[in-house]
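Notes follow once the structure below has been shown.
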Amino acid sequence: MKQFPPSQLLNSLPKQFFASLVKKVGEYISQGYDVINLGQGNPDQPTPAHIVAKLQQAAENPINHKYSPFQGYSYLKQAVADFYLREYGVTIDPNKEVAILFGGKAGLVEIPQCLLNPGDTVLVPDPGYPDYWSGVALAKAEMVTMPLREQKNFLPDYNELDENVLAKAKLMFLNYPNNPTGAVATSEFFEETVKLANDNDICIVHDFAYGAVGFDEEKPLSFLQVPGAKDVGIEIYTLSKTYNMAGWRVGFAIGNESVISAIELLQDHLYVSLFGAVQEAAREALTGPQDCVKELNILYERRRNILIDGLRSLGWNVSAPKGSFFAWLKVPEGFSSAEFANILLEQAHIMVAPGIGFGEFGEGYVRVGLLSSEQRLAEAVERISRLEIFKENSPTGEPLREKTEE
Ligand SMILES: Cc1ncc(COP(=O)(O)O)c(C=O)c1O
């Protein structure tokens with residue numbers, strides 16, 4: 001059989017860092033080990049029943065068997081506008097300020113292709129969600145990373161950005177509540193972002209994938225709540241996390257009219273819009289009963305507390321995430337993030353994501369998902385407590401040292 005080589009463009013895409021880890025986990029599972037998978041970000045709860053029922057009903061309507069309008073049904077755009085007004089007090093023009101997406105990921109990867117020319121500069125957070133890099137590579141643009149440091153609550157420090165970089169930058173990705181760090185943004189930070197964007201003509205893309213998951217009674221802020229945000233950018237929202245609809249592939253871009261129309265233009269060339277029944281179900285999710293969202297938040301917060309309190313009781317001095325469904329844990333002294341993730345997998349049969357997979361500034365951390373039951377998380381803590389390095393439970397809460405150095 002002939003082998004057709006992939007294009008230079010495909011070869012230029014970033015390599016999937018986590019692929020080898022996922023493969024190793026698969027090997028452990030096939031050998032019969034009971035692996036606790038805390039490494040991935042797939043919501044474990046089902047979609048609320050009223051949304052599924054709407055899909056079932058809508059699937060029977062022949063109108064939905066036809067092509068849907070290229071840019072999506074206007075009732076869904078109206079539902080997005082109603083949702084933003086209800087949840088964030090933000091007014092959106094459903095005709096000009098909403099683009100329907102096949103999930104947030106599609107929008108995030110499309111945006112660089114909509115706005116950038118080869119060689120243009122994009123600012124991305126480090127650590128950050130790796131799909132930003134994919135979109136940048138597809139647009140043949142250049143990436144400049146903005147370190148997220150724990151001392152700065154994992155918010156980028158704009159004073160660190162070189163003037164030349166700022167002059168060249170056309171696009172910036174931000175994401176709060178943040179994957180992987182679990183940090184949340186403040187309104188001051190978003191205000192500073194609007195000013196920076198205005199001063200330097202940078203389009204801001206705020207990825208609000210975890211907008212519905214905020215702990216300690218703090219509702220995460222939408223970027224669009226800050227005055228002037230719509231002038232300088234957009235927000236990407238997804239139903240994947242808020243309503244446990246990751247498999248359904250529904251999301252939206254909301255905000256700056258010129259960016260929205262660029263996304264719609266690209267999408268006109270790539271696809272016809274989502275299955276009409278999915279659009280009806282998405283409207284139901286956004287405008288129907290919202291108790292499910294509150295309950296989900298409570299569930300994640302309980303899981304967070306079990307994990308964080310449990311690990312702290314072992315003397316591991318970890319910080320609690322403020323939002324998202326991830327905990328970002330500083331690895332005990334003496335290990336790289338990949339080494340520590342390997343120890344957890346090999347000795348405790350727990351999979352976590354090594355921080356280095358999210359960028360250089362992710363080194364020294366592992367990301368733990370809160371997507372397993374309370375019992376499984378408690379079991380993970382118990383398995384960790386049996387690791388050699390945690391046996392000497394430090395009563396002071398000081399970071400534990402590598403045992404093999406003795
Ligand atoms: C930070 C972040 N943004 C966007 C997404 C994309 O979600 P979806 O494509 O399911 O909307 C994810 C999914 O894991 C994510 O973690």
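Counting starts at 1 for both ligands and their atoms, in listed order.
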Does any N or O atom in [X] lie less than 3.5 angstrom from one in ligand 1, N or O only?
{"X": "Asn179", "answer": "yes"}
{"X": "Val250", "answer": "no"}
{"X": "Tyr132", "answer": "no"}

Tyr176 and ring-ring contact (aromatic ring centres under 6.0 Å, His included): which single residue from Tyr210, Phe189, Phe208 fits?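 Only one of Tyr210, Phe189, Phe208 forms a ring-ring contact (aromatic ring centres under 6.0 Å, His included) with Tyr176, namely Phe189.
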Have [X] and [Y] got a donor and an acceptor in their side chains that come within less than 3.5 Å?
{"X": "Glu280", "Y": "Tyr73", "value": "no"}
{"X": "Glu87", "Y": "Tyr237", "value": "no"}
{"X": "Asn153", "Y": "Lys322", "value": "no"}
{"X": "Gln279", "Y": "Tyr75", "value": "no"}
{"X": "Ser273", "Y": "Tyr67", "value": "no"}

Atoms of ligand 1 less than 4.0 Å from [X] heavy atoms?
{"X": "Gly104", "result": "8 (P), 9 (O), 11 (O)"}
{"X": "Leu108", "result": "3 (N), 4 (C)"}
{"X": "Ala209", "result": "2 (C), 3 (N), 4 (C)"}
{"X": "Thr238", "result": "8 (P), 11 (O)"}
{"X": "Asn175", "result": "1 (C)"}
{"X": "Ser240", "result": "8 (P), 10 (O), 11 (O)"}
{"X": "Arg249", "result": "8 (P), 9 (O), 10 (O)"}
{"X": "Lys105", "result": "6 (C), 8 (P), 9 (O), 11 (O)"}

With the threshold set at under 4.0 angstrom, would you say Phe102 reaches ligand 1 through any of its heavy atoms?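 In this structure, Phe102 fails to qualify as a contact of ligand 1 - no heavy atom is under 4.0 Å.
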So if I apply the salt bridge (charged side-chain N to carboxylate O under 4.0 Å, His left out) rule between Asp44 and each of Lys241, Arg303, Arg376, which one comes out positive?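 Testing each of Lys241, Arg303, Arg376 against Asp44, the sole residue satisfying salt bridge (charged side-chain N to carboxylate O under 4.0 Å, His left out) is Arg303.
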For Glu163, is the CD atom crowded, meaning more than 12 foreign heavy atoms sit under 6.0 Å from it?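 Atom CD in Glu163 is not crowded, with 12 or fewer foreign heavy atoms closer than 6.0 Å.
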Just to confirm my output: which protein heavy-atom neighbour is closest to [atom], and how far is it?
{"atom": "atom 1 (C) of ligand 1", "value": "Asp207 OD2, 3.3 Å"}
{"atom": "atom 13 (C) of ligand 1", "value": "Lys241 NZ, 2.8 Å"}
{"atom": "atom 6 (C) of ligand 1", "value": "Tyr129 OH, 3.5 Å"}

Nearest heavy atom to atom 16 (O) of ligand 1: which of Tyr210, Tyr237, Phe325 does it belong to?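 It is Tyr210 that holds the nearest heavy atom.
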Just to verify, which of Val331, Ile308, Leu307 counts as forming a side chain to side chain contact (heavy atoms under 4.5 Å, CB included) with Val318?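 Filter result, single survivor: Ile308.
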Phe340 six-ring face occupied by Lys330 cation (under 6.0 Å, within 45°):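 Negative - Lys330 is either too far from the ring of Phe340 or too far off its axis.
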